[in-house]
Amino acid sequence: MMTTSRLRTGIAGLDEMIGGGFIRGDTTLITGPPGTGKTTFGLQFLMQGIVEGENGVFVTVEEMPQKIASDALNFGWDLKKLEAEKKLRLFHLRSEMLQAGGAPIMQCLDIVNTIGAKRIVVDPISLYSLNVGNPTDLRRELYAFVNYMKESGLTLVLTHEVPDIITRVSRISDYGLEFIVDCIIMLQYVEIESEIRRSISVLKMRGSDHDKAIRRYSITDRGVEIEARFEGYEGIMSGTARKTGAQAFIEAFKR
């Protein structure tokens, strides 16, 4: 009987939501507004891989590698040391590379092969798309890149930044990326009783069952940590939650 190889993410609570981890060779899209922890999510996935003997490549389109390495120290991740040990590479897709034409994202493949990487993160693919003019060319390039990863047994995480602070589920990407990837995880801000919380939900996981609950999460000095589901509220994915009728009745009854 055929078995599916799972990769632990290193994110407390997430592996339970997705049946034990990402499926090896799959591509996952992490989407959400600024500040929801997409970069941290990607780095945490790579750190877990290194713990398990799988080298990783972090392709940054926005931040300088030095800034990413500096921020990672807040979580106890010494990226420079890991680079020196040839377990990790930070690869910067600079603006001049993006504007030069061709297929710049494919330039990271030499680094992937050099260190024998098994886990790849591209952060954020949305900014990459702004520098590749023709949407048709972009889809073709991303499709080729994702297919190469899959055929090579490499597991890919793409982050995608949406401009709206309060995100709606109908807005995932602007160029059909949701149809290319195998798994979609949405990070959101939620307003509950005049307080901003963070929520995580798994919208899609091809070939596998997954938790359908919308859960809270936080970013601690250990990275991203998944917490309990939102109980007694509805409308979480709209960004503005409200108490369910039953919860409102219970609270009114208590008064």
Side-chain angles (χ1 to χ4, degrees), residues 5 7-10 21-30 38-73 75-132 137-161 177 180-183 223:
S5 176
L7 302 181
R8 291 189 294 175
T9 64
F22 293 144
I23 297 174
R24 184 179 297 279
D26 274 4
T27 295
T28 297
L29 179 68
I30 311 296
K38 298 180 296 297
T39 299
T40 305
F41 193 112
L43 285 172
Q44 205 162 340
F45 173 66
L46 293 182
M47 293 303 100
Q48 181 64 31
I50 290 169
V51 167
E52 299 187 6
E54 294 195 335
N55 294 349
V57 171
F58 188 94
V59 181
T60 171
V61 186
E62 183 175 27
E63 295 282 3
M64 297 292 289
Q66 296 89 334
K67 179 67 164 61
I68 292 172
S70 176
D71 290 345
L73 290 173
F75 304 105
W77 305 330
D78 191 339
L79 305 188
K80 291 299 183 184
K81 179 175 181 289
L82 293 172
E83 280 199 290
E85 295 171 348
K86 295 183 169 44
K87 296 177 180 178
L88 174 75
R89 280 294 303 272
L90 298 175
F91 179 71
H92 187 198
L93 272 176
R94 300 183 302 277
S95 57
E96 60 267 26
M97 297 165 67
L98 293 170
Q99 294 163 11
I105 199 171
M106 303 298 279
Q107 296 181 40
C108 72
L109 295 181
D110 285 343
I111 293 173
V112 169
N113 294 328
T114 297
I115 70 167
K118 297 297 183 184
R119 301 187 183 202
I120 322 297
V121 173
V122 180
D123 176 59
I125 200 67
S126 44
L127 187 58
Y128 180 86
S129 70
L130 294 177
N131 290 276
V132 181
D137 291 342
L138 174 65
R139 281 193 294 272
R140 187 180 298 115
E141 180 180 345
L142 290 177
Y143 186 76
F145 184 67
V146 168
N147 270 354
Y148 178 90
M149 295 289 149
K150 191 175 292 291
E151 290 168 2
S152 303
L154 307 178
T155 306
L156 176 64
V157 169
L158 306 173
T159 75
H160 178 270
E161 187 161 294
L177 191 57
I180 299 175
V181 301
D182 302 290
C183 180

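Note that the structure is a prediction, hence the values are computed from the model and not measured. Sequence positions, counted from 1, serve as the residue numbers for this chain.
Considering only heavy atoms from C-beta on, F145 comes within 4.5 Å of L156 through its side chain. For the pair I105/V59, no side-chain contact is recorded, criterion being any heavy-atom separation below 4.5 Å from C-beta on. You'll find the side chain of M149 stays beyond 4.5 Å of the side chain of V146, heavy atoms only. Taking 4.5 Å as the limit, every side-chain heavy atom of C108 sits out of range of all side-chain heavy atoms of L93. Using a 4.5 Å cut-off on side-chain heavy atoms (C-beta onward), F58 and L79 make no contact. You'll find the side chain of T40 reaches within 4.5 Å of the side chain of W77, heavy atoms only. You'll find the side chain of T39 stays beyond 4.5 Å of the side chain of T159, heavy atoms only.
For G56 against I115, the heavy-atom pair with the smallest separation is O-CD1, 3.4 Å. Residue D71 comes nearest to K67 through the heavy atom pair OD2-NZ, 2.7 Å, listed as atom of the first residue, atom of the second, then distance. Considering all non-hydrogen atoms of both residues, L46 and R119 come closest at CD2-O, 3.5 Å.
The only member of R24, R8, K118, K87 that meets salt bridge (charged side-chain N to carboxylate O under 4.0 Å, His left out) when paired with E54 is R24. K150 pairs in a side chain to side chain donor-acceptor pair (under 3.5 Å) with only one of the listed residues (T27, D182, T155), which is D182.
Between T28 atom OG1 and F41 atom CZ the span is 7.5 Å, to the nearest 0.5 Å. The CD1 atom of I23 sits 8.5 Å away from atom SG of C183, with the distance rounded to the nearest 0.5 Å. Between the CG atom of L177 and the CG atom of L29 there is a distance of 5.0 Å, given to the nearest 0.5 Å. Here the OG-CD distance, from S70 to E63, works out to 10.5 Å after rounding to the nearest 0.5 Å. Here E52 contributes atom CD and L7 contributes atom CG; the two are 7.5 Å apart, rounded to the nearest 0.5 Å. A distance of 5.0 Å separates CG in L82 from CE in M47, rounded to the nearest 0.5 Å.
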(request) Begin with the C-alpha distance, continue with both residues' side-chain angles, and end with the deciding distance and a verdict on salt bridge (charged side-chain N to carboxylate O under 4.0 Å, His left out) for E62 and K38. (result) CA-CA 12 Å; E62 183 175 27; K38 298 180 296 297; over 6 Å; no
(request) Apply side-chain contact (heavy atoms from CB on, under 4.5 Å) to F75 and L43, showing your working. (result) CA-CA 10 Å; F75 304 105; L43 285 172; over 6 Å; no
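Not a single donor-acceptor pair under 3.5 Å links the side chain of E161 to the backbone N or O of P124. Distance alone, capped at 3.5 Å, is enough to place a donor-acceptor pair between the Q44 side chain and the G10 backbone. A side-chain donor-acceptor contact under 3.5 Å links T114 to the backbone of D110. Put simply, the side chain of E83 gets close to the backbone of L90: a donor and an acceptor are under 3.5 Å apart.
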